[in-house]
2 protein chains.
Amino acid sequence: MVTIKDIARTLGVSVGTVSKALNGRDDVGDELRARIIDTARELRYEPDPIARRLVTKRSRTLGVFMLDRQGFGVRRNFGWLFLDGILRGAAARDYDLVLFSNTDDTRYERSYIDICRSRRVDAAIIVGLRGDDRYLEDVLNAPIPVALIDTEVSGGTATFVSSDNKAGAALALEHLAFLGHEKVATLRAPFSYPGRLRYEAWAEFAAARGRYRDDYIRDGDFTPESGMAAAAAFASMKDMPTAIFAASDLMAIGLIRGFERLGVRVPEDVSIVGFDDIPNADLVGPALTTVAQDTLGIGQAALDAVLDELDSGSRREEILVAPRLVVRRSCAAPGGAPDFLPEGSPAASRGVRRTP
Amino acid sequence: MVTIKDIARTLGVSVGTVSKALNGRDDVGDELRARIIDTARELRYEPDPIARRLVTKRSRTLGVFMLDRQGFGVRRNFGWLFLDGILRGAAARDYDLVLFSNTDDTRYERSYIDICRSRRVDAAIIVGLRGDDRYLEDVLNAPIPVALIDTEVSGGTATFVSSDNKAGAALALEHLAFLGHEKVATLRAPFSYPGRLRYEAWAEFAAARGRYRDDYIRDGDFTPESGMAAAAAFASMKDMPTAIFAASDLMAIGLIRGFERLGVRVPEDVSIVGFDDIPNADLVGPALTTVAQDTLGIGQAALDAVLDELDSGSRREEILVAPRLVVRRSCAAPGGAPDFLPEGSPAASRGVRRTP
DNA sequence: CTGTTAGCGCCTTCAT
DNA sequence: ATGAAGGCGCTAACAG
């Protein structure tokens, strides 16, 4: 490992001068600076980040916490998708990421913020924090910048980042309306915060068109099983809806599987639209039309939020990232005509994406 | 931030003694040690990892590289699933993980090993390294312990960790045989190393039973599209196979979608078995029977490998982790009877798992 | 057993 | 414009 001391010695100057030259300070002669930079390159000098952060007190490192009490892991926890955006943003701004997860309880014994303190990370991004978390207080009063993604809580000194759930639901509902659906039901997930927002959008949309009906509301718990149960319930109605807005893809797929089992065709007999755009949602038969969360954008927004706060001290309360509609094959016009999306669709004008 | 200096001062002892006491060295009086530990706790002292690693030259930190030239990200890159096991193992052994990914090229300008050196990480786990990687040489000659997961290369000083692909394929083929299939084709992916192994298992299995046929081999590239193309090819055969072993789930699902479009029913007319158990493979219709990679076990094995090498200096060349068969609904007996798995199935005796 | 001394590699006053 | 010196927080000899 070559150090500034080495380059100082080979040039017969002092380490202080080398440090200044390398850090672009203006109190060093132009000619000397050039020589210093040259030999630094020749010697393949690399500043030691450890030593630097010991004196600067900043680590250029972020803590990322993937909270996952159910132990779903990368495989089944949507929150991991935000990591793409976080990683991309961190790389762009030259920060390192240290990753924590509480799938087991090993590190759950300490508050996330405590972990941050002991690791000397500059800021934290926490995915999936829940309202009853034992360290909630700590997080909301953290002394470092914190962004919360995919969370049911907000407030405190943290920045709340999420999809614009109501806008996203509106996208789906407008699409169904545009296809000609008037009898649009919802499978909601009222126990969760985003679930409630998505439901509210449905309720407002239905009410605005005079189409609000209590019996077009079913409750699920985000699982495919709850979707299958709801399919049976909807199928047994005398006045069955022609389209269903599910508050999550998993439930939407459950609806599809449930209808399939009952001989109800999707999309010919009933259109289904989901929310999230989970991995491989395009591979279930029929490929799912859904509201895609901009996971990349959310991750990046969270990262930018904490780093901006670090740089400028200015904190954002809340960042809502626009989702977009992904039109695939689980929705059709009520008659059973193939799905289509002509110019002028209200959804299209607000960020629709069409995939084969 | 309270330092050892603080606790030394409040106790009227020297920092050296405090350091020793806190690090469990035996050359310090029991009574003094107790008092030191007590006041350390009272002062809520936290050792500064930065300062420590500057002097010890060890960071208790691992570098994890998710290589992903296609930019698939968490959403579509199977390799991310290994992170669960890596995280779990790291938490258990009290190591931190710093995560890198090359979805963009920002950090791709430097060798992964270089990045490790500059970050002073103790060891590295690299997921998805390819044979034509520009830094291959560097990786194979790394001065720190390295584990390679889900990779086409091996050799050098790195530990190679992967699923036992041939054993996994055999599991699938034995299952098909047990169901009564004699005309078993394969959709292979010969351009990849695991793909070749899976194919070899098919070829050996077929040959051993006198059932090897060139026209039961089709080539794909791991995409659903290649599966759909293969479905068309198989469907047009005069002597169509009754079962197909696909070298990946994505291709298996492509086969299903392709057959669906052609009116060939799965599993009534043809059974499909995949490999990997990608997320939501249980949600495609019909739920996919497949060989599940033990992603958790692989991640943990890789982590243990590098840490063991760090501790003991003993390196493993290769670690093969046993996959298991997951029986779902895409396979049936040739006649079209519902799929079943009675006691005594050869697959069952070697780690089958049945899911609804 | 305990204290003293020297750094680890870098940055930053403060002199010169 | 350059150099010398001190220190970030900790560990590791080496003395006593």
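None of the values given here were measured: they were computed from a predicted structure. Reminder, nothing fancy here: chain letters follow the sequence lines and each chain counts from 1. Side chains included, hydrogens not; waters and symmetry mates left out as well; all remaining heavy atoms used.
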Point to revise | Closest approach of Leu62(A) to Val306(A) (non-hydrogen atoms, all atoms of both residues) | key: CD2-CG2, 4.3 Å

Review point. Minimum heavy-atom separation for Ala21(B) to Ile36(B), with atom names?
Key: CB-CD1, 3.6 Å

Practice item. Check Trp80(A), Phe100(A), Phe82(A) against Phe65(A) for a ring pair (Phe, Tyr, Trp, His ring centres under 6.0 Å) and give me the one that passes. Key: Phe100(A)

Practice item. Output, in order, the C-alpha distance, side-chain angles, deciding distance and verdict of salt bridge (charged side-chain N to carboxylate O under 4.0 Å, His left out) for Arg120(A) and Glu46(B). Key: CA-CA 10 Å; Arg120(A) 305 296 192 271; Glu46(B) 293 267 15; 5.8 Å; no

Study note, to complete from the structure: To the nearest angstrom, the CZ-P distance between Arg119(B) and dG9(C) comes to 18 Å

Practice item. Please state how far atom NZ in Lys20(A) lies from atom P in dA1(D), giving the value in whole angstrom units. Key: 11 Å

Check your understanding: Relative to the 5' end of DNA chain C, which residue comes earlier, Arg120(B) or Thr17(B), by the nucleotide with the nearest heavy atom?
Key -> Thr17(B)

If you round to the nearest 0.5 Å, how far is [atom2] of [Y] from [atom1] of [X]?
| X | Y | atom1 | atom2 | value |
| --- | --- | --- | --- | --- |
| Tyr95(A) | Thr61(A) | OH | OG1 | 8.5 Å |
| Leu296(A) | Asp294(A) | CG | CG | 6.5 Å |
| Thr157(B) | Glu309(B) | OG1 | CD | 7.0 Å |
| Gln293(B) | Ile149(B) | CD | CD1 | 10.5 Å |
| Ser118(A) | Arg110(A) | OG | CZ | 4.5 Å |

Point to revise | Residues from residues 1-15 of chain B lying under 4.0 Å of DNA chain C - heavy atoms | key: Gly12(B), Val13(B), Ser14(B)

Practice item. Output the residues of residues 24-42 of chain B in contact with DNA chain D, where contact means a heavy atom of the residue under 4.0 Å from an atom of the strand; sort by number or write none. Key: Arg25(B)

Point to revise | Contact list for DNA chain D against residues 45-58 of chain A - heavy-atom distance below 4.0 Å | key: Leu54(A), Val55(A), Lys57(A)

Exercise for review: Kindly indicate, with the supporting measurements, whether the criterion side-chain contact (heavy atoms from CB on, under 4.5 Å) is fulfilled by Asp311(A) and Arg93(A).
Suggested key: CA-CA 12 Å; Asp311(A) 290 344; Arg93(A) 299 178 67 156; 3.2 Å; yes

